[in-house]
2 protein chains.
Amino acid sequence: MGRALKHVEIREYVRGLALESAPGVATPSERDLVDRFGVARMTVRQALDALVAEGVLERHPGRGTFVADRDRVPTAVTGLSQELARCGLVVETRTIAVRRLAAGPALAAAFGVEVGHQLWLWQRLRLAEGRAICLSETHLPAAMLPDLVEQPPPSLYAALEARDLRPTWAEDTLSARTATEAEAALLEAAVGEPVLCRHRRATRGQLGIEVTDTVFRADAQPLQITLRG
Amino acid sequence: MGRALKHVEIREYVRGLALESAPGVATPSERDLVDRFGVARMTVRQALDALVAEGVLERHPGRGTFVADRDRVPTAVTGLSQELARCGLVVETRTIAVRRLAAGPALAAAFGVEVGHQLWLWQRLRLAEGRAICLSETHLPAAMLPDLVEQPPPSLYAALEARDLRPTWAEDTLSARTATEAEAALLEAAVGEPVLCRHRRATRGQLGIEVTDTVFRADAQPLQITLRG
DNA sequence: GAGTGGTCTAGACCACGAT
DNA sequence: TCGTGGTCTAGACCACTCT
């Protein structure tokens, strides 16, 4: 078992402090951490730089380093379950269908594979407090996740994380339209009601991981995205 | 006139190289930059760290540092003009109205000011190739931009940048609904047509800068957001 | 083997904020 | 005045890739 890098060890120590502290609380000073871990100051700064870049900490020259507001942390690539949980919703997920299909030109381009490559198509309905929120159609490379159909996981991103396939990059395209008949039936909405659509393409490095189209009811919890500078 | 910090000088030099190079092209190695600028390697790394964090460069251990794909650079806080330009649209902006109003409870909370604080309300219509794209209602602190009404700038974010007030943080809330009568008229759309709504709250540090509600035609260029991490 | 980025040391001086 | 973060030096050794 490999020993953790020093800057990682310090980073996770300070992250732990930040998570159990209220926003605005000061973290140990850089020189305190130098003494505590017996490292050079540049190593401590490397650890803190990462947490500042993540939005977990804020530095104030001359004053110190402080825990940042939680709701100011920028949005990262995560699954809808976590995104909605962040907005305070407990989400139930129902798998509507899982089947294989051959990639057409658009999906093949999105995944960077040849036309005809085998993909999973996984349809899910999400509910909060018994009411339908959204309907998703997720495409995944079948060869990468051969066992998906046998036991659909409660959270896609948790399952990807466990296989070291968590996306590191995603492009979301947002639009609005009216619900189709099939969507309206599953979302318990009226045909022609407006819906919010999100098309997501997610990769890990150059590796295509996920293409998902999600259709949200207009009166559901809206999508929140936090950006930085 | 203050001399630029070394790491800033190096960062902007390399950013210039990156902007005029194709994605995948190698940048000078860290030791090359050490020689070129006569600095320590940690200083070069500080400069490159910033560009890697921005998504401009990618490091590949053992191989080198390379220009990242442009369309993989994560979305930052920018104005709609720049966002749409990034999608290849040339946008025309028409000011519909500018007037003052007193902040109600919701706006006061968003800006962190008292109820009754004076704000600008700036309504704009954006068009591309002669067709309406979206309708915006922007709220700004009147005291911060006293001269806005006299000469509405073509780009809000450029005007804020010039005053050192460019937002460093924004929270977007996205939803769908049907167009109101007034919106439909301005957007040249039918009443009841679906629209995409974006509510943005933007700040610079603790300073509230902008609250904007934008309504997009359903058939307009959809919003694109690129995430990392 | 030569070159690359990744990690780390043990200092230094500065500007700034609080007291 | 003292502590803080911001900047910077001049090295070091490592794992990795490429040839």
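Proteins get letters first, then strands, A, B, ... in listed order; numbering begins at 1 in each. It should be emphasised that the depicted structure is a prediction, and the values quoted were computed from it without experimental measurement.
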Rounded to whole Å, CD of B:E30 lies from C1' of C:dC8 at a distance of 14 Å
A:Q46 atom CD is separated from D:dC8 atom P, nearest whole Å, by 17 Å
From CZ of A:R45 across to P of D:dT9 the rounded distance in Å is 15 Å
From CD of B:E58 across to C1' of C:dG6 the rounded distance in Å is 17 Å
Whichever of B:S29 and B:M42 has the more 5' nearest nucleotide on DNA chain C, that residue is B:S29
Margin query: Regarding A:R126 and A:S81, do their side chains bring together a donor and an acceptor under 3.5 Å, going by distance alone?
Written below: yes
- Say whether B:T226 and B:R72, considering side chains only, have a donor N or O and an acceptor N or O under 3.5 Å apart. no
Taken to the nearest whole Å, CG/B:D35 to C1'/C:dG3 is 13 Å
Short N/O separations, protein against nucleotides 14-19 of chain C, under 3.5 angstrom:
from, atom 1, to, atom 2, distance (Å)
C:dG17, O4', A:G62, O, 3.4

- With the threshold set at 4.0 Å, does a side-chain nitrogen-carboxylate oxygen contact exist between B:R201 and B:E210? no
Taking C:dT7, C:dC13, C:dA10 as options, the one with an atom nearest any side-chain atom of A:R41 is C:dC13
>> Before we go on, tell me: are the rings of B:H60 and B:F66 under 6.0 Å apart, centre to centre?
In response: yes
Whole-Å distance, B:L33 CG to D:dC8 C1', equals 16 Å
Closest to the side chain of B:A40, out of D:dA10, D:dG5, D:dT7, is D:dA10
Q | A:T138 and A:R124: side chain donor to acceptor below 3.5 Å | A | yes
Self-check item: B:E30 with B:R45: basic N within carboxylate O range, under 4.0 Å
Solution: yes
A:H60 side-chain N/O to D:dT4 phosphate OP1/OP2 under 4.0 Å
no
Rounded to whole Å, NE2 of A:H7 lies from C1' of D:dC14 at a distance of 14 Å
Atom CG of A:D32 and atom P of D:dC2 are separated, to the nearest Å, by 17 Å
Per nearest nucleotide of DNA chain D, the residue lying toward the 5' end, A:D49 or B:V39, is A:D49
### Message
Using OP1 and OP2 only, check whether a side-chain N or O of A:R59 sits under 4.0 Å from D:dT4.
### Response
no
Q: Give a yes/no on whether any side-chain N or O of A:T43 is located under 4.0 angstrom from OP1 or OP2 of C:dC8.
A: no
Check your understanding: Under 3.5 Å, is there a donor-acceptor pair linking the side chains of B:Y157 and B:E83?
Key -> no
